[in-house]
Amino acid sequence: MGGWAIAVHGGAGVDPNLPAERQEEAKRVIARCLHIGITALRGGAAAVDVVEMVVRELETDPVFNSGRGSALTRRGTVEMEASIMDGHGRRCGAVSGLSTVKNPVSLARLVMDKSPHSYLAFDGAEEFAREQGVEVMDNSYFVTEENVGMLNLAKEANSILFDYRVPVPGVETCSASAGSMVDNPLQMNGLPISVYAPETVGCVVVDGNGCCAAATSTGGLMNKLTGRIGDSPLIGCGTYACELCAISCTGEGEAIIRSTLARDVAAVMEYKGLGIQEAVDFAIKSRLDKGQAGLIAVSRHGEVACGFNTTGMFRGSATEDGFMKVGIW
């Protein structure tokens with residue numbers, strides 16, 4: 001075994017014009033959450049406990065698109081989703097359509113540990129949350145003033161809005177931005193979208209015993225249709241862990257779903273004998289078609305890897321031998 005390793009992401013597809021102060025703020029959050037995981041791993045914590053702990057912290061901080069600060073549906077509400085997977089036995093839990101649960105990743109953990117199922121959604125997931133006594137909040141807790149403004153921008157553009165973290169000074173700027181998106185639309189499933197930067201969060205860990213785990217959480221897309229489910233709660237798509245490795249993805253959910261991206265990384269390691277970085281590179285380059293995405297991964301040997309075909313990806317990683325890095329581009 002190569003010792004423990006951890007990687008954290010805060011989303012792929014960073015706008016190249018993201019203000020410097022926003023970049024630094026995001027890097028500080030990533031670094032803080034990385035240190036939380038490092039401390040736990042040094043204390044002998046299990047991989048599955050660490051990924052839940054780190055993603056909970058990311059959900060609580062409004063900087064990224066998960067938990068508080070989640071992207072809003074076209075109705076102005078949140079529908080959050082998350083998943084967690086323990087590579088030891090490939091146990092997993094997932095949730096979608098949450099509007100009151102403070103930490104969706106912990107409800108996903110309870111689905112894995114305390115229910116006979118792997119996936120609960122919407123009213124059923126909310127009911128299960130109350131049965132389990134998890135902390136719930138009014139929907140307004142998750143809605144930030146900034147996201148309300150960005151939802152209005154998305155509606156004005158008649159578009160699903162990805163890059164909702166770039167500050168919008170006022171209505172005039174909103175109008176200009178909306179017009180530029182309509183003139184030069186990117187596409188998802190043949191329909192126009194705006195500049196891409198969803199900022200899902202995730203964590204992957206291999207602990208000191210060589211056990212791997214992964215967790216992913218998101219609010220989804222700004223101005224998404226109610227009821228839309230992305231890749232983050234789908235095991236094998238946005239999240240996967242097995243005895244060999246653990247993966248958490250971020251990016252264009254529909255493309256990640258089509259390619260079962262997380263499982264593909266593990267599959268080429270298992271069936272083709274590729275190393276972790278080779279497997280990540282293969283998946284990003286060969287499995288996304290025209291989709292835009294990124295991912296982080298760890299192997300049971302204590303290696304970390306990442307890959308993305310977007311402008312950037314908020315990420316950080318560390319290993320037991322003292323390596324640590326936080327970056328965006």
Side-chain angles (χ1 to χ4, degrees), residues 6-39 51 53-72 78 80 82 103-105 142-151 153 161-169 177 194-205 214-222 230 232 238 248-253 292-297 304-318 323-329:
I6 179 173
V8 180
H9 75 72
V14 186
D15 189 297
N17 298 313
L18 187 67
E21 62 271 20
R22 291 298 185 92
Q23 295 182 36
E24 292 306 312
E25 181 182 32
K27 288 165 69 175
R28 283 195 297 270
V29 173
I30 291 288
R32 176 167 55 81
C33 292
L34 195 59
H35 279 293
I36 289 172
I38 290 170
T39 300
V51 295
M53 182 188 311
V54 171
V55 173
R56 276 181 63 95
E57 189 69 19
L58 289 162
E59 289 174 338
T60 303
D61 195 304
V63 165
F64 293 114
N65 173 19
S66 64
R68 186 163 183 260
S70 284
L72 305 178
V78 297
M80 301 170 289
N103 291 111
V105 71
F142 305 98
V143 179
T144 65
E145 182 178 350
E146 179 183 46
N147 281 0
V148 171
M150 298 313 292
L151 176 62
L153 170 59
L161 184 63
F162 288 92
D163 183 16
Y164 64 91
R165 293 294 178 178
V166 176
V168 180
S177 298
S194 71
V195 178
Y196 179 68
E199 298 184 1
T200 292
V201 304
C203 180
V204 292
V205 165
T216 311
S217 181
T218 190
L221 310 178
M222 188 67 74
S232 296
S248 175
C249 300
T250 171
E252 184 185 333
Q292 301 287 296
L295 62 86
I296 53 173
V304 293
C306 72
F308 51 93
N309 63 0
T310 57
T311 306
M313 179 171 71
F314 296 107
R315 64 198 186 278
S317 57
F323 169 83
M324 180 177 172
K325 183 177 181 180
V326 174
I328 301 177
W329 312 112

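Counting begins at 1 with the first residue of the sequence.
Checked by atom type and distance alone, the side chain of Glu59 pairs as donor or acceptor with a backbone atom of Val105 at under 3.5 Å. Distance alone, capped at 3.5 Å, places no donor-acceptor pair between the Arg315 side chain and the Gly10 backbone. Between the side chain of Asn65 and the main chain of Gly220, a donor-acceptor pair closer than 3.5 Å is present. Without hydrogens or angle criteria, Asn103 side chain to Gly67 main chain gives no donor-acceptor distance under 3.5 Å.
Under the rule for a side chain to side chain donor-acceptor pair (under 3.5 Å), the partners of Ser248 that lie at least two apart in sequence or sit in another chain are His9, Thr216. With sequence neighbours excluded, no residue satisfies side chain to side chain donor-acceptor pair (under 3.5 Å) with Glu25.
Proximity of Phe142 to Leu72: side-chain heavy atoms (C-beta onward) are nowhere separated by under 4.5 Å. Between Ile38 and Met324, some side-chain heavy-atom pair lies under the 4.5 Å cut-off. No side-chain heavy atom of Thr310 sits less than 4.5 Å from a side-chain heavy atom of Glu252. Contact check for Thr218 versus Met80: no side-chain heavy atoms found under the 4.5 Å cut-off. No side-chain heavy atom of Arg68 sits less than 4.5 Å from a side-chain heavy atom of Thr60.
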Extract all donor-acceptor atom pairs below 3.5 Å that involve side chains of residues 26-33 and protein atoms in other chains or at least two apart in sequence.
unit_1	atom_1	unit_2	atom_2	d
Arg32	NH1	Glu57	OE2	2.4
Arg32	NH2	Asp61	OD2	2.7

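Nearest heavy atoms, Pro62 versus Thr144: CB-CG2, 4.5 Å. Considering every non-hydrogen atom in both Thr200 and Ser217, the closest pair reads CG2-O, 3.3 Å. Contact record, Ala12 with Ala293: CB-C, 4.3 Å, taken as the closest heavy-atom pair. The two residues Val8 and Cys203 come nearest to each other via the heavy atoms CG2-SG, 4.2 Å. Residues Val304 and Ala318 approach most closely at CG1-O, 4.1 Å, considering heavy atoms. For Trp329 against Val14, the heavy-atom pair with the smallest separation is CH2-CG1, 3.6 Å.
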Evaluation steps, side-chain contact (heavy atoms from CB on, under 4.5 Å), between Met313 and Ile296: CA-CA 10 Å; Met313 179 171 71; Ile296 53 173; 4.1 Å; yes
Test log, rule side-chain contact (heavy atoms from CB on, under 4.5 Å), inputs Ile6 and Val54: CA-CA 10 Å; Ile6 179 173; Val54 171; 4.2 Å; yes
side-chain contact (heavy atoms from CB on, under 4.5 Å) assessment of Val201 paired with Phe314: CA-CA 9 Å; Val201 304; Phe314 296 107; over 6 Å; no
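Taking CD of Gln23 as the start and CD of Glu21 as the end, the distance is 9.0 Å to the nearest 0.5 Å.
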